[in-house]
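In this text the structure is predicted, and so the values were computed from the model without any measurement. Computation of the quantities below employed the complete heavy-atom set of this structure, encompassing side-chain atoms and omitting hydrogens, waters and symmetry-equivalent molecules.
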Amino acid sequence: MAGPLPLNALNAFEVAARHESFSKAAEELNVTPAAVSQQIRMLEELLGVQLFHRLNRGLALTGAGKSGLQKLQDGFQSVNEAVQQIRAEPSADSLDVWMAPSFASKWLMPRMHRFVEEHPSIDLRVSASGDLVDTNVSAPSLSEEILRKHDIDVAIRFGSGNYPGCRVEKLMSVTSLPMCSPALLHDEQRPLRTPSDLENHTLLHDETPYEGRPDWTSWLEAVGATQVDGTRGMRFNRVSLALAAAVEAQGVVLSLEQLAANDLEMGRLVVPFEHRVRLQHAYHVISLENTTDDDRVVLFKEWLFREVEAMPSYA
C-alpha cells in the first residue's frame with residue numbers, strides 16, 4: 001500500500017471490530033453507519049483483503065482482520081498516550097517552583113510581582129506543599145530523583161542543605177525573633193522591655209512539623225531568661241496562624257524573621273527586644289545539576305538573591 005496511512009479508516013476498523021457492529025461504531029465515532037461501512041470498504045480495497053464477514057446480526061472478523069487487530073489497538077493506545085504526554089508537558093517558558101506553604105505565602109507572594117514584571121515571558125508555576133519538608137536530617141526529603149519525578153525546576157527549602165544529587169545554594173541564614181502587635185508595646189500594665197517581661201504575656205508557638213524550627217524554651221535559654229516558662233501559651237500547626245494571632249495582639253510569637261518580613265515592613269508586627277538567635281538551618285535554593293545553562297532557572301535564582309540582599313533587618 002503506497003501513500004499515507006488512512007488513519008480514519010483504520011480507526012473505523014478498530015472501533016467496528018471492538019463492537020462487532022457498524023451501527024455501534026457509528027455511535028462512538030459520531031458518524032452514520034453508512035460512513036463507517038464506506039471507510040471499511042475503502043480500507044479493504046487498499047489492503048486487498050476482506051476484514052469482516054457481513055452477517056445478518058452483525059459482523060465477524062476474518063482471519064486477516066484478526067491477524068492485525070491487536071497490533072493496531074496497541075498502536076492507537078500508544079498514540080493516545082503520546083498525545084496526553086504532549087499535552088501535559090509544560091511550555092518551554094514555564095518555571096516550576098516548589099516551596100513550603102509558609103514561605104510561599106509570607107515571603108514569596110509579597111515580592112513575586114517584581115519577578116513577573118522583570119520577566120513577563122516566564123510563566124511561574126508555584127507549588128506550595130508541606131509534603132516534602134525536612135523532618136529528619138538523616139533522611140533527606142529532596143533528591144535528584146524527587147525533583148525529576150515531580151518536575152520541579154527550583155525548590156526553596158529550609159533545612160540542612162543535604163539534598164543528594166542536587167545543586168544546592170544557600171539563599172539566606174535565618175534568625176528567630178519574638179514579635180508582637182504594636183498594641184502590646186503600649187500596655188503600661190504589662191510592659192515589654194526585656195525578655196523577662198514575657199512572664200506576663202501569652203507565648204504563641206509555631207508547631208509546624210519541620211526540622212530546626214525555633215522554640216521558646218531554647219530561645220529563652222539562649223538570651224538568659226530561663227525564669228520564663230517557655231512551654232505555656234497557644235500552639236498552632238501553621239506559622240501563618242501563629243503570625244496572624246500575633247498581629248491581632250493575642251500574644252508574642254517566636255518565628256523566623258524572614259517569614260515575618262512583610263508584616264514587619266507593613267508595621268503589623270514589631271520586635272520588642274533586640275535579642276536575636278541565629279538558627280543552624282538555613283534557606284537553600286535547590287535545582288538539578290544540569291540547569292546551569294537554563295536561562296529560566298538562572299534568572300529566577302538571580303532574582304531571589306537580589307531580593308534577599310535588599311531585605312532590611314528589624315532587630
Decide if atom [atom1] of [X] counts as having more than 12 heavy atoms of other residues, nucleotides or ligands within a radius under 6.0 Å.
X      : atom1 : result
Gln38  : CD    : no
Arg114 : CZ    : yes
Lys301 : NZ    : yes
Glu28  : CD    : yes
Asp74  : CG    : yes
Arg238 : CZ    : no
Arg41  : CZ    : no
Gln280 : CD    : no

Give, for atom [atom1] of [X] and atom [atom2] of [Y], the distance between the pair rounded to the nearest 0.5 Å.
X      : Y      : atom1 : atom2 : answer
Leu171 : His284 : CG    : NE2   : 9.0 Å
Ser67  : Leu72  : OG    : CG    : 10.5 Å
His186 : Ser181 : NE2   : OG    : 9.0 Å
Arg157 : His281 : CZ    : NE2   : 11.0 Å
Leu279 : Thr175 : CG    : OG1   : 7.5 Å
Glu14  : Gln73  : CD    : CD    : 4.5 Å

ask   = Relative to the ring of His275, is the ring of Trp219 parallel (under 30°), tilted (30 to 60°) or perpendicular (over 60°)?
value = perpendicular
request  = Please work out whether the ring planes of Phe103 and Tyr283 are parallel, tilted or perpendicular, with thresholds of 30° and 60°.
outcome  = tilted
Minimal non-hydrogen separation, [X] against [Y], with atom names:
X      : Y      : result
Met179 : Ala260 : SD-CB, 3.4 Å
Ala242 : Leu204 : O-CD1, 3.9 Å
Phe273 : Pro178 : CD1-CG, 3.6 Å
Leu241 : Asn237 : CD1-OD1, 3.9 Å
Gly267 : Pro182 : O-CG, 3.4 Å
Ser255 : Val239 : OG-CG2, 3.3 Å

Let me check something: do [X] and [Y] share a hydrophobic cluster, defined by ILVMFWY side-chain heavy atoms less than 4.5 Å apart, either directly or through other members?
X      : Y      : answer
Val308 : Val126 : yes
Leu69  : Val49  : yes
Met311 : Leu256 : yes
Leu7   : Phe13  : yes
Leu264 : Met109 : yes

Any donor-acceptor N/O pair, [X] side chain to [Y] backbone, under 3.5 Å:
X      : Y      : answer
Arg190 : Asn200 : yes
Thr62  : Leu51  : yes
Asp197 : Thr194 : yes
His205 : Trp216 : no
Ser176 : Val277 : yes
Gln250 : Glu248 : yes
Asp153 : Asp96  : yes
Ser105 : Pro101 : yes

ask   = Could you go step by step and tell me if Val154 and Met99 meet the side chain to side chain contact (heavy atoms under 4.5 Å, CB included) rule?
value = CA-CA 9 Å; Val154 179; Met99 63 201 69; over 6 Å; no
request  = For salt bridge (charged side-chain N to carboxylate O under 4.0 Å, His left out), just list the numbers for Arg148 and Glu144, CA-CA rounded to whole Å, side-chain angles, deciding distance to a tenth of an Å, and then say yes or no.
outcome  = CA-CA 6 Å; Arg148 294 188 185 280; Glu144 178 184 4; 3.2 Å; yes
key: Partner of Val253 by side-chain contact (heavy atoms from CB on, under 4.5 Å), out of Thr202, Leu177, Leu243   = Leu243
request  = Could you walk me through whether Trp98 and Leu147 pass the side chain to side chain contact (heavy atoms under 4.5 Å, CB included) test, one step at a time?
outcome  = CA-CA 9 Å; Trp98 182 94; Leu147 290 183; over 6 Å; no
[X] side chain near [Y] side chain, heavy-atom distance below 4.5 Å:
X      : Y      : value
Arg54  : Leu59  : yes
Glu169 : Phe305 : yes
Glu199 : Asp229 : no
Pro6   : Leu43  : yes
Ser102 : Thr208 : no
Phe76  : Leu10  : yes
Val174 : Phe158 : yes
Arg276 : Val271 : no

query = Hey, mind stepping through Phe22 and Ile40 against side chain to side chain contact (heavy atoms under 4.5 Å, CB included) and telling me if it holds?
reply = CA-CA 9 Å; Phe22 285 162; Ile40 299 301; 3.8 Å; yes
query = Is Arg213 salt-bridged to Asp206, going by a charged N under 4.0 Å from an acidic O?
reply = no
message = Applying side chain to side chain contact (heavy atoms under 4.5 Å, CB included) to Trp107 and Glu307, what does each step give before you reach the verdict?
response = CA-CA 10 Å; Trp107 194 91; Glu307 288 292 323; 3.8 Å; yes
